[in-house]
Amino acid sequence: MLSNYAFPHDDPFVLTRWHSFRRVARMWGWGAALGLAVIVLGGCTPRPDSLTVAMALLPGELASYREIVADFERDSGLRVVIVPQQYPDIRRALAAEAAAGKGTLDLVELDVYSLAPAAKQVSILDTANFAGEVGALEPETVRAGTIDGLRFLPHRVSWQALVYDHSVLGAPPATWADVLAIARAHPGKIGFKGALYEGLTCDVLPFVWSAGGTGAVLDDAGAHAAFRFFAELAPYVDPRSAVFKEATIAEAMARGELVMHLNWPFVMSLYASEDLAPERFRAAPLPNGPAGRATVLGGGYVAIPTNAPHRDDAVALVRFLLSKPTQERFARELGWFSARRDIPFGGGAPLLDGYAEMSREVRPRPERADYPEISRQWQRAFRRVVFDGVSPQQALDEGQATLDQAASARGAAG
Amino acid sequence: MKRRGIVLLAFAIAGVNLVPLWLVVKQALTPERESFAWPPTWVPHELTLSNFSGAAEAVPLAQGLGLSVGVAVATVISTLALSLPAAWLAARREEVGSRLDGVVVAARLFPTIAIAVPLAVIFVGLGLYNDSSGAGLWLAHTLLGVPFAFLILRAAFRGVPAELEDAAQLDGASPWMTFVRVSLPLVRPSLGAAAMLVFLVSWDEFAYALLLQVTHRTLPPLLFYLSAFGYPGLSSAVAVLMLVPAVVILLLLEPALRSGVLAGSGR
Amino acid sequence: MRAWFLAVPLVVYLAVFLVFPVGEAVRLAFTDSVSGTFPSLESFRTIADDGLFWRALRVNLALPLLAVALELVAGLGLALLFAERLPARRLLRAAVLLPFALPEIVFLTILRSILTPRGYLSGALVGLGAQPVDLLAPGTFASFVSVALVDAWRTTPLVFLILLGALVAIPGEIGQAARVDGASAWRRFWHVTLPLLRPAIVAAVLLRGLDALRIFAAPLVLTGVEGMPVLSTYAFHQWSDYGDDGAAAAASVVLAVVCVLASVPLLRRRITA
């Protein structure tokens, strides 16, 4: 019998010969008592006059963010419990609370990409409460947050730039040709965020746009030009790009395993906190393609969940977060970009110059109902060309064919 | 000489096994920049305790610790409460025992992900998903703990002669009193071992913790995220916190492990 | 005496927490995640169209073979080593058990920083005048071996304990009789010790093999989902990167079926034993 093998000495008295048991039992008792004490202390649930907010903050950002929100706590007498998490996790928590019909979260931050699917799970904001804030924001960003009424307000906006190793490269590449030259000189040290997820699409679209493509179809001339460029780069791309995401690619660069990659502004604050920037790592605009340059609009929007326990207090917090002084501090202390028109990009921090320079080149993702499917096909096509050696023509044609097929299937079903 | 070779080999293996432990402690005690150094350093050049406070600033460490301990202690209690009576019965009635065995082994062998994904969906409906007190995670960890506790305790009860219990009952003790006064004290050592093992199972558990809790995290996912975000020092500081109970329990359980009683508990 | 009620709480608990999730997994897997129709094979079509799923399936079948083989050799070697007289025995044994005692996530994160191209291992190699190595490069055989090796390193202590228990249970006279007959050490091991260890070896292989089939944290932490995918991490990827509960459930149903098929020999042993 299995358990006989699992317990070769099926003899419980073996343990009774274990003389130190008394000591063990006592320690165990103390451990349990300590554990219970911790539960009692830790289990003290947030007081009723506290707000729970879930924000996509990085480990390095939490302390500064807390300090900024402390001003709100002082003025309002409310305590703000900040739960730092990643966007997909916040989305799950929000969806779970909506499904359960009860909630603990008073405010959530979501990425631009997930606003539409999350719309039903957050309340419609009363525009009268936010007249001043909405007036100061880029109208484009407000439009993105309006789905059957104003539901999301831009907490911060964000886009990618090129992060490069200044100590190795000296100057950043200005054109695609420069990128190729650097790749040849440093084989295996060019990285992409090539895991199968939305982040890869954010690395692909800038190149498609820079070659004149629309990003909504895989088979226009721009897409082909961009993917021919990827195919040329492929031999010099770090193979671990197949699994890199924002954080892992940043870590590989910190270890000196890469000389350049595309990333969001957080990585510059990360490197600064590790004394790796600006001496070593710097940010530069993305290189120019045949049709100029471009980068994807990203960022975090705040919203009040439908089951938020303290809605009015949450409204007050949103107004605080979007106010000019707070957004200025975000820019200065966290390096975040503001959607307010009265705040300069990057707060004048030289660390983020490369990002500020890209501010005029930011574009939203294709606004189409089947965008998630298009995004997946970009990801697949990139991986097939760069990691599997498939020709750009074939990868793009097959990707587009899959999209067309799905569209006609939907048409037939609808 | 052959014998010298064997002894050297044994020490070499032990030495290699100590390397990961040493590196965790080293990274926890040196500044972040040193952990990124190339070539890497094997002994700390600069000592600091700032990673511990840094980790507490970067992630909700105190809540994570409280949740980890709370879920683990609750899991120990619920697991033992479920396993004790069943294990006694299985030891006394072979025909019941072999059937229970089958159920328990099935629980032990079923893939975690195949339970965690649907359980998350079920918990969403019940309001137990991402529960701030970790109630859902506790229920899942109990499922993990039961096979260990059941098998250990059944083996222990088998070693208690049935005649002892019969004698007590002849003297007029109720079945309940017999269990509490006669059987239970005799299996106390195994009970302690099972409790510690189940505590560790819950304390180390990663997959359920990753899927069932998203904003109220226990220590293992917090450590995973700190590490994935490229903070070797901060994540090592959390690792040291996690190590302490694990190593203490290992040292306490070492005699029991040697006797083979816990072998096969394969967590 | 109606003592059976003592087992009721346990059985009810296990039934609720095994039967309900399994039922729900099947329902999710056969539900179209977009339209909500049931039954539908849409989720299985999604994963069958995904090259990553097939890679995950292949790796998931191959990885346990290598991992268990490594564990068996290492565990047997260690057991034979510890059957000898050794100085500082307790200390050595604690050191051997250590990888198993470290929380899995702690062991894996530190192993990742050892094996990364500019990690401690490459550092040591460069110090010895060799070239740095990348043992975690996605999709390579090296990373496959690395994942198996790391998992084997962590779980060898278990196999070691099972085999050591069986080894010390072998009566000393058997070995002595063989020695008197003039058998060489190798022949004694092959013809006397190994056959006596057979039941314990089979038990260890079955137990560990089934554990290795549902391996999750090691490939996830060391290589990421796409580097060396297995069914568990593939399901997690569908769940967390694409939010596709149906595809995640479909992949985990496939894994569950693989596990159930693999456990048939184990159950058969229980019946014949």
* To do: Please test Arg240(A) against Asp134(C) for side-chain contact (heavy atoms from CB on, under 4.5 Å), starting from the C-alpha separation and ending with a verdict.
  => CA-CA 10 Å; Arg240(A) 287 178 307 154; Asp134(C) 182 1; 3.6 Å; yes
* Using the salt bridge (Lys or Arg N to Asp or Glu O under 4.0 Å) rule, take Glu251(A) and Arg112(C) through it: C-alpha gap first, then chi angles, then the decisive distance, then the call. => CA-CA 12 Å; Glu251(A) 188 197 352; Arg112(C) 188 167 149 267; 2.7 Å; yes
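- Of residues 188-197 of chain A, those residues lying under 4.5 Å from chain C by any heavy-atom pair are Lys189(A), Ala195(A), Leu196(A), Tyr197(A).
- Shown here are the side chain to side chain donor-acceptor pair (under 3.5 Å) partners of Asp404(A), two or more places apart in sequence or in another chain: Gln400(A).
- Looking at heavy atoms from C-beta onward, Arg255(A) lies in side-chain contact with Ser113(C) at the 4.5 angstrom threshold.
- The two residues Asp49(C) and Arg380(A) have their closest heavy-atom pair at O-NH1, 3.6 Å.
- For Ser122(C), no part lies under 4.5 angstrom from a heavy atom of chain A.
- Neither the backbone nor the side chain of Thr140(C) has a heavy atom closer than 4.5 Å to any heavy atom of chain A.
- Near-neighbour residues of residues 87-98 of chain A relative to chain C, defined by a heavy atom under 4.5 Å from a heavy atom of that chain, comprise Pro88(A), Arg92(A).
- We find the OH-CD distance between Tyr242(C) and Glu198(A) to be 9.0 Å, quoted to the nearest 0.5 Å.
- Considering all non-hydrogen atoms of both residues, Gly227(C) and Val243(A) come closest at N-CG1, 3.0 Å.
- Considering CZ of Phe244(A) and CD of Glu226(C), their distance stands at 12.0 Å, rounded to 0.5 Å.
- The salt bridge (Lys or Arg N to Asp or Glu O under 4.0 Å) check on Arg280(A) picks up Asp165(A), with sequence neighbours excluded.
- Between chain A and the residues Gly224(C), Pro117(C), Ala137(C), the largest count of heavy-atom pairs under 4.5 Å involves Pro117(C).
- Classification of Lys245(A) and Asp241(C) as a salt-bridged pair holds, one side-chain N sitting under 4.0 Å from a carboxylate O.
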